[in-house]
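No hydrogens, no waters, no symmetry mates; every other heavy atom, side chains included, goes into these values.
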Amino acid sequence: MSDAAPPPPPLFRLLLLVLGVGTVNGLSRVTLPLLAASSGAQPWQIGLVGALGYAGMLTLSLPMGPLIERHGARRLFIFGATTAACLFSLMAWLHTPWAIIAVAALMGLALPFRNVPVQTEFLAMLPRLGPAKAGWQRATSMSGMYLVGPTIAGAGIAAAGFAPVLYTAAGVLILGIVAGAGVLGRRPARQQAASGLDLGARLRGQLSFLRNDSSLRRTLSIDFVTQIAAAYFVVFGVAMAVRQFGMSRQAAVALVTVQGCTYVLMLLTGGGYISRLGRSTCYRIALGLLCIQALCFAVATGPAGLWVASVLMGLGMGIQGLLSTTRFAELMAQHGRGRVAGLSSMGPPAGGILGGVGGGLFSQQFGLQAGFLLLAVIFGLALFTTWRETEGW
């Protein structure tokens, strides 16, 4: 009996944990830059606070796979959530930019310890759940990040200031620790044989896996490019709507809301179409939609084109998200959690950093709409590749 793998957690309880983690992430993304601004931080310092979460995920995503394999998702989640709860409580007492930046950097390093274990648990469950539920974890996480968390942060800061909001985040994480102890699994017994390998050997094994598996590289590449587009849209699409097309700030932010709602709706309802249409066809649809939406932004002459592009972007990202989640779950079932868990989390933070920083440098030289034109070319090339390759998609 001691060698039996732990039973899968109930899906509803796992999704509640995902919602809590997503809510804290969304609350943090809104609250920390505003806290830095209120402390007198310079614009570049505020941007640094916002980028540190991406940097933490990118730095530690790859080691998370071997750590989950060695210690189990439950232990790592409890460590990450406990650390973050303490740091949120500490942040409530800080009033200088560099102190806020320092603690935000530590928060960024703690972020993978709560995000990756929860995602890994869902991917391990997905073969039993079926493709129709492939987008449920991402949809739940995005709902917390883009809807629940920002709503709590905005209302809480307006009503009571920063400290109560930060303590709320810590409280949600404490509840998550209690829930995670009953939802997340310990280290699977079948992985115990690999526990003698040191971290360096496991990291080399992951890199070798990435080098030798073309399907994994392709999935990560498309995930990476899609996240570049998402980050560029959020950071610069809103600014373009205000500066070049005269939209109010509220209307410009609503573009992101429309894109997010369309994205979540596709994640929740589109999973069944993946198996019926086939992966190759769905990839072509997703890349085609993303190419068209980037062109809409690039050649738009008024707000109408931006609204259409936002809907198309949500649809394209939703289909791509379903495809990536399904493929990562298949790879995890074939090769184990340790090899896939960290690799599957690298695309979003890497794309987020490049979309924000690289997009800013590019648009400063060539203009905001030129960045969308470049993205349209990239998605067009990716779409052309899918027509030439019939295997592996």
Side-chain angles (χ1 to χ4, degrees), residues 5-22 61 64-65 68-69 72-74 76-77 112 114-145 179-180 182-191 206 209 213 215-216 218-220 222-223 226-227 263-280 282-283 286 317-348 392-393:
L11 177 61
F12 179 72
R13 290 169 59 193
L14 180 62
L15 291 178
L16 280 179
L17 183 60
V18 171
L19 180 63
V21 171
S61 284
M64 286 304 299
I68 289 174
E69 189 176 56
R74 181 186 305 178
L76 294 182
F77 177 83
R114 64 178 187 267
N115 279 15
V116 179
V118 175
Q119 176 180 310
T120 301
E121 199 71 36
F122 179 81
L123 291 176
M125 292 176 62
L126 190 54
R128 294 185 294 268
L129 298 175
K133 297 182 176 66
W136 286 21
Q137 183 264 340
R138 283 201 186 198
T140 305
S141 179
M142 293 300 103
S143 297
M145 184 178 296
V183 172
L184 300 176
R186 299 180 184 274
R187 181 182 55 169
R190 66 178 181 175
Q191 295 173 353
Q206 286 188 97
F209 177 42
D213 194 296
S215 176
L216 175 62
R218 187 180 295 114
T219 303
L220 284 174
I222 295 178
D223 210 20
T226 303
Q227 293 303 319
Y263 175 51
V264 170
L265 183 62
M266 178 56 68
L267 289 173
L268 289 174
T269 62
Y273 296 101
I274 302 299
S275 57
R276 291 200 290 269
L277 294 176
R279 183 175 286 123
S280 297
C282 288
Y283 262 124
M317 286 188 62
I319 297 172
Q320 182 273 325
L322 289 167
L323 290 164
S324 294
T325 301
T326 303
R327 186 57 185 147
F328 286 139
E330 292 171 353
L331 290 169
M332 187 173 290
Q334 296 169 10
H335 302 284
R337 301 186 184 194
R339 282 192 168 187
V340 179
L343 290 169
S344 67
S345 303
M346 292 183 65
W393 286 92

What pair of heavy atoms forms the shortest contact from [X] to [Y], and how long is it?
{"X": "Gly180", "Y": "Arg74", "value": "O-CG, 4.1 Å"}
{"X": "Cys282", "Y": "Leu277", "value": "SG-CB, 3.8 Å"}
{"X": "Ala134", "Y": "Leu126", "value": "CA-CD1, 3.6 Å"}
{"X": "Pro117", "Y": "Ile68", "value": "CA-CD1, 4.0 Å"}
{"X": "Asp223", "Y": "Pro348", "value": "OD2-CD, 3.8 Å"}

Side chains of [X] and [Y], heavy atoms from C-beta outward: is any pair under 4.5 Å?
{"X": "Phe122", "Y": "Val18", "value": "no"}
{"X": "Arg138", "Y": "Tyr263", "value": "yes"}
{"X": "Phe77", "Y": "Val116", "value": "no"}
{"X": "Thr326", "Y": "Arg279", "value": "yes"}
{"X": "Leu268", "Y": "Trp136", "value": "yes"}

Can you tell me how far the [atom1] atom of [X] sits from the [atom2] atom of [Y], to the nearest 0.5 Å?
{"X": "Ile222", "Y": "Leu323", "atom1": "CD1", "atom2": "CG", "result": "8.0 Å"}
{"X": "Leu129", "Y": "Gln137", "atom1": "CG", "atom2": "CD", "result": "11.5 Å"}
{"X": "Leu322", "Y": "Met266", "atom1": "CG", "atom2": "CE", "result": "7.5 Å"}
{"X": "Leu14", "Y": "Thr140", "atom1": "CG", "atom2": "OG1", "result": "9.0 Å"}
{"X": "Arg114", "Y": "Gln119", "atom1": "CZ", "atom2": "CD", "result": "14.0 Å"}
{"X": "Met125", "Y": "Leu11", "atom1": "CE", "atom2": "CG", "result": "5.0 Å"}

Evaluate Leu216 against Phe328 for side chain to side chain contact (heavy atoms under 4.5 Å, CB included), listing each step before the verdict. CA-CA 8 Å; Leu216 175 62; Phe328 286 139; 3.8 Å; yes
Given 3.5 Å as the limit, does a donor-acceptor pair link the side chain of Ser324 with the main chain of Gln320, or not? yes
